[in-house]
Amino acid sequence: VSEVKSMHKISFFSYKGGSGRSSTLINIVPFLIKELKADCNHPIILLDMDIDSTGLTYLLHQGDKVRTGLSIQKIMVDGVPGGNNFQRKLEEHQFFSNLLKVGSEFHCEDGAVLLLPAEAGVSVGKDGTNKNMTNRDSGHIEKIIDVCERYDCAAIVFDSSAGDQDTANVSNGKADVIVCCMRPTIQFQEGTLDYFKRMSRIIRNRDVILLPNAVSRTNTNVDGKVYPITAKNRIIDAFDNNFPETGNTIHFDAMTGSHFGIPLVRRFLWQESILANLDADALAEDEKEAIEMYQQVASMIYKYGQNGG
């Protein structure tokens with residue numbers, strides 16, 4: 001165990017549900033593993049913070065295992081197992097040994113990626129809801145970060161809940177880099193801007209990567225305007241003019257030149273997949289373009305995380 005070092009702290013966030021946030025996360029992780037050189041000794045820790053409607057836990061096929069093991073809800077209530085016992089090796093520490101090994105889902109060492117799942121239908125509040133998280137709950141998340149930093153984990157990745165939910169605010173407040181997933185619509189644009197303005201008291205000095213998702217590449221005429229280029233210009237203008245007052249830095253790397261976020265992947269209309277795991281020769285064109293963007297976003301996360309660290 002080393003002294004506390006810089007560790008990448010990343011939140012995947014969307015102001016509204018339906019942005020494809022969790023499926024985007026699992027498709028970027030394979031490239032994060034390479035960027036961060038994650039392995040069993042320096043794993044990436046995934047936290048499913050969407051405790052009202054868990055998605056990441058199901059996407060990684062861990063829904064059944066969580067019922068008998070550790071979950072984010074149990075930690076919020078009981079604290080981090082192992083606490084300050086830093087005398088053991090990573091795999092022997094009670095926190096890490098109770099996480100789910102999911103590296104095989106990304107075709108890497110099983111212990112290179114560990115998941116703290118969420119258990120569906122389990123609340124953390126005394127009132128039977130997940131509202132009004134206390135300082136105690138936030139402190140438990142801070143303790144997770146502390147333990148992971150002391151064991152030189154490559155990164156901690158929050159799959160945040162949507163909107164103003166408390167777990168979203170905690171995830172974004174603890175992260176250095178926020179990947180902001182959104183559909184290219186007015187409600188996502190205005191809602192996202194409003195969220196960061198309202199939360200500027202607790203979420204400041206963050207690097208925010210704006211990532212439109214499921215963007216159609218087919219030109220469409222709506223009310224005399226051509227989309228998607230009209231939406232791209234509208235979003236860039238809105239964030240460029242209004243985001244500075246939030247106290248955070250917005251990054252348009254995924255929208256520069258010919259890029260406009262992640263394309264609509266038709267496969268995902270019916271089945272979420274980790275595209276990097278599929279046969280490259282059998283990929284459709286939209287899947288190939290999506291993989292290219294996932295790889296680029298992983299590089300952005302690494303770059304801005306280094307700046308923050």
Side-chain angles (χ1 to χ4, degrees), residues 1-2 4-5 7-12 21-22 25-30 32-34 36-51 54-122 124 130 137-161 167 170-171 174-175 274 301:
V1 181
S2 67
V4 176
K5 294 183 178 180
M7 176 185 67
H8 290 261
K9 297 182 282 292
I10 308 148
S11 176
F12 280 75
R21 181 195 67 247
S22 298
L25 185 158
I26 64 171
N27 273 281
I28 289 174
V29 165
L32 269 182
I33 293 169
K34 296 176 182 178
L36 303 179
K37 298 180 174 57
D39 57 26
C40 290
N41 295 317
H42 307 281
I44 291 174
I45 311 299
L46 305 179
L47 269 62
D48 190 344
M49 299 292 285
D50 197 356
I51 57 181
T54 179
L56 182 62
T57 300
Y58 290 131
L59 284 176
L60 295 176
H61 311 109
Q62 304 299 313
D64 291 335
K65 295 180 182 179
V66 68
R67 303 189 191 287
T68 57
L70 191 64
S71 68
I72 187 66
Q73 290 100 322
K74 289 178 182 176
I75 282 185
M76 287 183 179
V77 173
D78 300 326
V80 179
N84 294 320
N85 184 2
F86 300 125
Q87 304 306 311
R88 298 179 178 273
K89 295 180 180 179
L90 181 146
E91 64 271 17
E92 297 174 348
H93 190 280
Q94 195 174 354
F95 170 67
F96 296 107
S97 64
N98 279 282
L99 298 182
L100 300 176
K101 295 180 178 180
V102 294
S104 59
E105 296 285 340
F106 304 100
H107 289 189
C108 70
E109 296 176 274
D110 214 19
V113 184
L114 303 175
L115 171 68
L116 177 59
E119 185 174 358
V122 175
V124 298
N130 293 316
D137 301 324
S138 180
H140 291 328
I141 302 302
E142 190 64 49
K143 188 61 182 179
I144 292 175
I145 294 172
D146 176 55
V147 171
C148 291
E149 285 182 324
R150 289 181 180 274
Y151 277 89
D152 287 340
C153 293
I156 188 165
V157 181
F158 300 95
D159 186 28
S160 160
S161 52
T167 51
V170 169
S171 299
K174 303 298 183 185
I274 300 175
I301 291 171

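Only this structure's heavy atoms are used, side chains among them; waters, hydrogens and symmetry mates stay out.
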* Asked: Would Thr167 and Ser161 count as having a side-chain donor-acceptor pair, cut-off 3.5 Å?
  ->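 Side-chain D/A pair, Thr167 to Ser161: present.
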Shortest non-hydrogen contact from [X] to [Y]?
{"X": "Leu116", "Y": "Ser71", "answer": "CD1-C, 3.7 Å"}
{"X": "His42", "Y": "Asp152", "answer": "ND1-O, 2.9 Å"}
{"X": "Phe95", "Y": "Val147", "answer": "CD2-CG1, 4.1 Å"}

* To do: Please say whether more than 12 non-hydrogen atoms of neighbouring residues, nucleotides or ligands are located less than 6.0 Å from NZ in Lys65.
  =>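 For Lys65, atom NZ is not crowded (no more than 12 foreign heavy atoms under 6.0 Å).
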Can you tell me how far [atom2] of [Y] sits from [atom1] of [X], rounded to the nearest 0.5 angstrom?
{"X": "Ile145", "Y": "Met7", "atom1": "CD1", "atom2": "CE", "answer": "6.0 Å"}
{"X": "Ile28", "Y": "Ile274", "atom1": "CD1", "atom2": "CD1", "answer": "12.0 Å"}
{"X": "Leu59", "Y": "Ser22", "atom1": "CG", "atom2": "OG", "answer": "6.0 Å"}
{"X": "Ile144", "Y": "Cys153", "atom1": "CD1", "atom2": "SG", "answer": "11.0 Å"}

* Sequence neighbours excluded, which residues qualify as side chain to side chain contact (heavy atoms under 4.5 Å, CB included) partners of Glu92? ->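 Result, side chain to side chain contact (heavy atoms under 4.5 Å, CB included) vs Glu92: Arg88, Lys89.
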* Please confirm whether the backbone N or O of Gln73 pairs with a side-chain atom of Glu119, one donor and one acceptor, at under 3.5 Å? =>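 Pair absent, no side-chain N/O of Glu119 close to backbone of Gln73.
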* Only pairs at least two apart or in different chains count here, so list each side chain to side chain donor-acceptor pair (under 3.5 Å) that has a residue in residues 96-106. =>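 As it turns out, the side chain to side chain donor-acceptor pair (under 3.5 Å) pairs with a partner in residues 96-106, which skip direct neighbours, are His61-Glu105, Ser104-Asp110.
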* To do: Report the residues that fulfil side chain to side chain donor-acceptor pair (under 3.5 Å) with Thr54, sequence neighbours left out, ordered by chain and then residue number.
  =>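 If we apply the side chain to side chain donor-acceptor pair (under 3.5 Å) test to Thr54, skipping adjacent residues, the hits are Asp48, Thr57.
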* Residues forming a side chain to side chain donor-acceptor pair (under 3.5 Å) with Lys9, sequence neighbours excluded ->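 For Lys9, the residues satisfying side chain to side chain donor-acceptor pair (under 3.5 Å) (neighbours in sequence not counted) are Glu149, Asp176.
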* For Phe96, all residues meeting ring pair (Phe, Tyr, Trp, His ring centres under 6.0 Å), sequence neighbours excluded ->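 Phe96 satisfies ring pair (Phe, Tyr, Trp, His ring centres under 6.0 Å) with His93, Tyr151 once adjacent residues are dropped.
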* For Lys174, all residues meeting salt bridge (charged side-chain N to carboxylate O under 4.0 Å, His left out), sequence neighbours excluded ->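 Result, salt bridge (charged side-chain N to carboxylate O under 4.0 Å, His left out) vs Lys174: Glu142.
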